[in-house]
Amino acid sequence: MPSVSPRADLESLPKYVPGRTIEGAIKLASNEVPGGALPSVAQAIAEAAAGVNRYPDTGSQALRERLARELDVPVERVAIGCGSVSLCQQTIQAVCAPGDEVIFGWRSFEAYPIVTQVANAVSVKVPITEGQELDLDAMLAAITDRTRVVFVCNPNNPTGTAVRRAELERFLAAVPEHVLVVLDEAYKEFVTDPDVPDGVEYTRSRSNVMVLRTFSKAYGLAGLRVGYAVAPEPIADALRQVYVAFSVNMLAQVAALASLDAADELLARCQDIVVERGRVREALLAAGYRVPETQANFVWLPLGDQAVPFAEHALDRKLVVRPFAGEGVRVTIGTPEENDLFLAAAREFSSRTA
């Protein structure tokens, strides 16, 4: 009797590789913030835990309404998902038919090709520039009649580089109206350059722009999985249609609301990370590394064939970083003490390979 088999194309599905967690080692691989939940947020989570025998609000209505007020957008244009990565997949499921094309820079967020193939769409990878930046001109040139979605990760993961206002506005003006531009702003709270725009502003005037954000990074809720989209109303409706019911759990919703209440305190912690980001990058440059300017909570070392040896060297010193074989290494900014240990390891590697 023949057995049931999964889709044949799943054999070729790219594998998502999370940052490793090794007991006793310092983890600088997953772009988590080093501080835990604020006391007020932890208390809200603890109080909500008494009600976990009940289903959460599958529509996350309270969170949607709060975000709509915070962002000054109609609540109908806000959708909630199980982290922004889930919203990436919902977007393609909602917009693309089998065989439609999804464009993104490469390297960029590694989930893009995965969620694209899962939805039976076609990935179109556009190489980043020598400066490790998204090449918007090349992405624009790659658009065809089959293109339905373009992901612009800003700041870009894993390189940390950001697209500035004039370049983005030229790009948006040239993209055909049938193409949805998704501005993935998972690291928005770490941006300090005033010329890196707030994508929500473009959703007010353009019917083919949506923005993704998350509570996983700056708000320190990576373990609870909650993100949101600001989109044209028909797209936001479609995102809710393909949403897996109850996937944003009760604790995640409560924690997100409590984090918004504590936004000033949380964003002050982001500024501490920004200061360390600058210190780490300057020290790496002084040690001879090529490190592009970053607007995220990590730095990128485009080491090419030395990426894996560098990561192994760091691991020998109980430091877990995120290598992309043949391309580079992404290193999350940790505490000052953790960063000092990483810099010592980086200097040692540089001296050995000089």
Side-chain angles (χ1 to χ4, degrees), residues 31 79 81 83-92 94-96 100-116 121-129 131-144 146-191 193 195-214 217 227-232 235-236 239 292-296 298 300:
N31 298 342
S84 58
V85 64
S86 177
L87 286 160
C88 288
Q89 183 162 329
Q90 289 169 242
T91 300
I92 298 172
V95 173
C96 294
D100 284 346
E101 295 173 350
V102 178
I103 295 174
F104 44 85
W106 200 252
R107 179 169 288 275
S108 191
F109 184 31
E110 62 187 304
Y112 294 155
I114 299 173
V115 298
T116 298
V122 177
S123 293
V124 178
K125 298 179 179 179
V126 177
I128 59 176
T129 69
Q132 309 297 298
E133 299 175 326
L134 296 178
D135 190 338
L136 293 191
D137 288 339
M139 293 169 72
L140 185 64
I143 293 174
T144 72
R146 296 293 296 171
T147 305
R148 297 302 307 279
V149 175
V150 179
F151 283 108
V152 177
C153 192
N154 199 33
N156 187 46
N157 177 16
T159 64
T161 53
V163 176
R164 269 59 181 185
R165 188 179 319 280
E167 182 184 9
L168 182 59
E169 290 180 356
R170 284 195 301 270
F171 175 77
L172 294 177
V175 172
E177 291 184 1
H178 78 275
V179 176
L180 179 67
V181 178
V182 180
L183 302 178
D184 187 346
E185 297 184 342
Y187 301 93
K188 175 69 173 66
E189 293 84 359
F190 301 102
V191 172
D193 186 340
D195 200 30
V196 177
D198 180 334
V200 172
E201 295 305 314
Y202 299 114
T203 68
R204 304 185 197 283
S205 58
R206 297 184 180 276
S207 61
N208 65 335
V209 175
M210 67 177 280
V211 168
L212 298 180
R213 292 185 184 164
T214 181
K217 310 304 182 187
Y228 62 93
V230 179
I235 300 300
L239 293 176
E293 181 184 354
T294 174
Q295 291 289 312
F298 53 84
W300 171 250

Q) Okay, side chain of N154, backbone of V163: is any donor-acceptor separation there less than 3.5 Å? A) yes
Q | side-chain contact (heavy atoms from CB on, under 4.5 Å) between C153 and Y112, worked out | A | CA-CA 10 Å; C153 192; Y112 294 155; 3.5 Å; yes
Q: Verify, without hydrogens or angle tests, whether Q295 (side chain) and D193 (backbone) share a donor-acceptor contact under 3.5 angstrom.
A: yes
**Q.** Pairwise side-chain contact, T294 with P155, heavy-atom cut-off 4.5 Å (strictly under)
**A.** no
Q.
I'd like to know if the side chain of E185 and the backbone of G199 have a donor-acceptor N/O pair within less than 3.5 Å.
A. yes
Q: Please report the shortest heavy-atom distance between L87 and G227, naming the atom on each side.
A: CD1-C, 3.7 Å
Q | Nearest non-hydrogen partners of S84 and R213, listed with the distance | A | CB-O, 3.8 Å
Q: Please report the closest heavy-atom contact between A138 and V126, naming both atoms and the distance.
A: CB-CG1, 3.5 Å
**Q.** For R206 against E169, the heavy-atom pair lying closest together
**A.** NH2-O, 4.3 Å
Q: State which residues pass side-chain hydrogen bond (donor to acceptor under 3.5 Å, both in side chains) with T159; sequence neighbours excluded, sorted by chain then number.
A: N156, T161
(Q) Can you give me the closest heavy-atom contact between L180 and M210, atom names plus distance? (A) CD2-SD, 3.6 Å
Q. Is the F104 ring parallel, tilted or perpendicular to the F151 ring (thresholds 30°, 60°)?
A. tilted
**Q.** For the student: nearest non-hydrogen atoms of C96 and V102, plus distance
**A.** SG-CG2, 3.8 Å
(Q) Whether the side chain of N157 engages the backbone of F109 through a donor-acceptor N/O pair (distance < 3.5 Å, no angle test) should be reported. (A) no
**Q.** Main-chain N/O of T147 paired to H178 side chain as donor or acceptor, under 3.5 Å
**A.** yes
